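Beneath this line is the structure, given in structure tokens, with notes to follow.
These figures come from a predicted structure and were not determined experimentally. Protein chains get the first letters and strands the later ones, always in sequence-line order, with residue 1 at the start of each.
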Amino acid sequence: MTDQELVGLFLARSEQALPALQAQYGPYCRAVAARLLADCRDVDECLNDAWLAVWRAIPPARPERFKGWLAAIVRNRALAMGRENGRRPPTVDETALELASCLPPGDDPADEAERRALAEAVERFLRAQPRDVRAAFVRRYWYADTVEDAARRLGWSVSKTKSVLFRTRNRLRRQLQKEGFL
Amino acid sequence: MKKEQVLDLMNAIEPDLIEEADLQSPVKRRMPKAARAGLIAACLCLALLGTAMAAQYFGVQIVEEDGGHIYLQGGIAYYPYDSLSDELKALEGVQETASGTLIRTVPSWQAAEDFIGVNLMDNPVLDASPATQCGHTFEGVDSCFMAVISRDFSSIQVYGCYELGEADILVETTLFTDRRAALPEDWDEQFHGYGFTEDTQVSRDAYTAPSGLTAQLLEIVYPDNGETVCDPACKAVFSLSGIPTIVTASAEDGPTARSALIQTLDGFILPE
């Protein structure tokens with residue numbers, strides 16, 4: 001089933017929509033949640049919440065990139081649950097601390113506009129990177145892969161993956177300095 | 001920025017990038033086919049030579065000639081000119097120096113690689129080391145990192161200087177392109193030479209890193225002539241993907257230089 005067909009089921013409020021969603025993207029979403037939640041019961045709960053969120057969002061939403069949009073819903077829910085119950089794999093904090101070293105220090109930017117500008121700057125930076133470097137960055141800091149998992153997925157050695165991530169963070173820091181965020 | 005804020009910041013990543021990163025198969029940046037073919041040919045040539053040195057040290061050979069001259073030879077693959085970056089190729093025909101050589105100072109080794117469009121080396125030990133001025137200059141230009149492009153684009157050298165503990169590390173790589181027709185007809189792939197005075201102590205050795213990288217080493221103790229004193233230096237020469245590489249460590253004493261050199265060699269990641 002294509003993503004368009006799947007979205008069509010939700011738009012039509014078909015009772016096949018959720019089973020089809022779970023069949024198509026269940027394993028992928030479970031993998032996304034499992035990297036962010038330490039307890040498998042939390043993962044189950046997260047996915048149930050995510051399916052409900054998708055049902056409520058479409059319509060009116062008509063996501064163009066359904067898989068990525070869905071993954072973001074799962075990630076947001078998993079992060080919120082982990083925040084509430086404190087049950088998170090150590091990799092989540094580890095990746096956040098790694099990335100924090102190249103972002104503005106101290107408290108979050110004061111208002112929504114500043115937060116959005118910073119996020120847009122990071123996005124622009126990522127789009128200017130080679131595809132494999134970008135993939136390594138997103139695997140580590142969005143998917144919260146361990147370095148070993150990211151290396152395996154990319155077909156790289158662990159050392160090379162660490163080196164690429166290190167250099168990319170340095171470049172991001174320099175770019176944010178240039179744009180006045182640091 | 002706090003952890004939670006960082007995690008939330010990443011929420012803004014667009015869906016297409018999230019999908020792109022969910023790769024089904026590994027993405028590799030491979031040496032261009034032509035360069036690989038050249039490298040394989042070079043391997044066969046070295047194997048046919050049948051010398052103990054060729055069998056033991058893949059790539060660069062050290063050739064000693066009378067008069068204290070040492071040359072580095074071989075280990076070269078010719079990269080297609082077309083595989084270089086557009087930014088670099090756009091400089092063809094630009095005249096900046098009397099020799100026609102183009103010199104670009106860059107802020108980092110990665111910036112040099114981005115400028116050229118070729119991955120020259122991966123070394124987390126050097127990535128984590130601060131840049132420094134090693135005193136290496138080219139046509140009067142002094143910078144921690146620089147790319148030097150020959151007038152005919154047949155060779156591109158990249159230099160990087162780092163501080164590693166008490167030692168300075170200078171890395172020199174030379175990438176040759178398939179503009180080899182522009183090279184002299186009698187060029188036998190001797191790409192670098194050193195001339196030492198009689199009272200300079202030069203000893204040779206070899207080292208194999210845990211990764212399998214094998215390098216030939218030159219340990220150099222310069223004479224104290226009362227005017228300028230050069231620190232002892234330890235050089236390693238090897239070839240990575242057909243790119244001859246020279247790493248020089250210098251420090252107040254020989255053992256410190258050697259130790260820093262070994263640490264650097266252990267940090268190289270061999271191309272897959």
Kindly indicate whether the side chain of A/Arg75, heavy atoms from C-beta on, has any atom under 4.5 Å from the side chain of B/Leu7. yes

Please say whether more than 12 non-hydrogen atoms of neighbouring residues, nucleotides or ligands are located less than 6.0 Å from CD in A/Glu179. yes

Check whether A/Val92 gets within reach of chain B through its side chain, its backbone, both or neither, counting any heavy atom under 4.5 Å. both

When only pairs under 4.5 Å are counted, which of B/Asp122, B/Asp114, B/Asp16 shares the most heavy-atom pairs with chain A? B/Asp16

Would a 4.5 Å heavy-atom cut-off, applied to side chains only, mark B/Asp127 and A/Lys162 as touching? no

Does A/Arg62, at its CZ atom, have more than 12 non-hydrogen atoms belonging to other residues, nucleotides or ligands within less than 6.0 Å? no

Which distance, rounded to the nearest 0.5 Å, do you find between the CE of B/Met10 and the CD of A/Glu123? 9.0 Å

Correct closest heavy-atom pair for A/Gly68 and B/Ile18 would be O-CD1, 3.8 Å

Among A/Ala150, A/Ala31, A/Ser163, which residue forms the greatest number of heavy-atom pairs with chain B at distances under 4.5 Å? A/Ser163

Within this structure, what is the CG-CG distance for the pair B/Leu9 and A/Leu118, rounded to the nearest 0.5 Å? 5.0 Å

Given a strict heavy-atom distance threshold of 4.5 Å, which part of A/Tyr141 is in contact with chain B: side chain, backbone, both, or neither? both

Any carboxylate oxygen within less than 4.0 angstrom of a Lys/Arg side-chain nitrogen, looking at A/Arg134 and B/Glu14? no

Nearest-0.5 Å distance that lies between atom CZ in A/Arg139 and atom CD in B/Glu20: 11.5 Å

Sub-4.5 Å side-chain heavy-atom contact between A/Leu79 and B/Asn11: yes

If you count heavy-atom pairs within less than 4.5 Å of chain B, which of A/Asp93, A/Asp145, A/Leu97 leads? A/Asp93

For residues B/Pro15 and A/Glu64, determine if any side-chain heavy atom of one lies less than 4.5 Å from a side-chain heavy atom of the other. no

Does any backbone or side-chain atom of B/Ser108 lie under 4.5 Å from a heavy atom of chain A? Answer side chain, backbone, both or neither. side chain

In terms of heavy-atom contacts, does CD of A/Glu148 have more than 12 from other residues, nucleotides or ligands at under 6.0 Å? yes

Atom pair CG/CD of A/Asp3 and B/Glu19 - distance to nearest 0.5 Å: 7.0 Å

How long is the straight-line distance from CG of B/Leu17 back to CD of A/Gln129, given to the nearest 0.5 Å? 11.0 Å

Proximity breakdown for A/Leu36 and chain B, heavy-atom pairs closer than 4.5 Å: neither

A/Arg88 versus chain B, heavy atoms under 4.5 Å apart: side chain, backbone, both or neither? side chain

Are A/Arg167 and B/Glu113 within salt-bridge range, i.e. N to O under 4.0 Å? yes

Check each atom of A/Tyr143 against the heavy atoms of chain B and say whether the ones under 4.5 Å are side chain, backbone, both or neither. side chain

Step through the shown structure and confirm whether more than 12 heavy atoms of other residues, nucleotides or ligands are within 6.0 Å of CZ on A/Arg56. no

Interatomic distance, A/Leu99 atom CG to B/Lys3 atom NZ [nearest 0.5 angstrom]: 14.0 Å

A/Arg116 portion near chain B, given a 4.5 angstrom heavy-atom threshold: neither

Under 4.5 Å between any side-chain heavy atoms of B/Asp8 and A/Arg115, yes or no? no

Chain B contacts, top residue of A/Trp142, A/Tyr28, A/Trp69 (heavy-atom pairs, under 4.5 Å): A/Trp142

Mark yes when over 12 heavy atoms from residues, nucleotides or ligands other than A/Gln4 sit less than 6.0 Å from its CD; otherwise mark no. no

Sort A/Ala100 into side chain, backbone, both or neither according to what part of it lies under 4.5 angstrom from a heavy atom of chain B. both

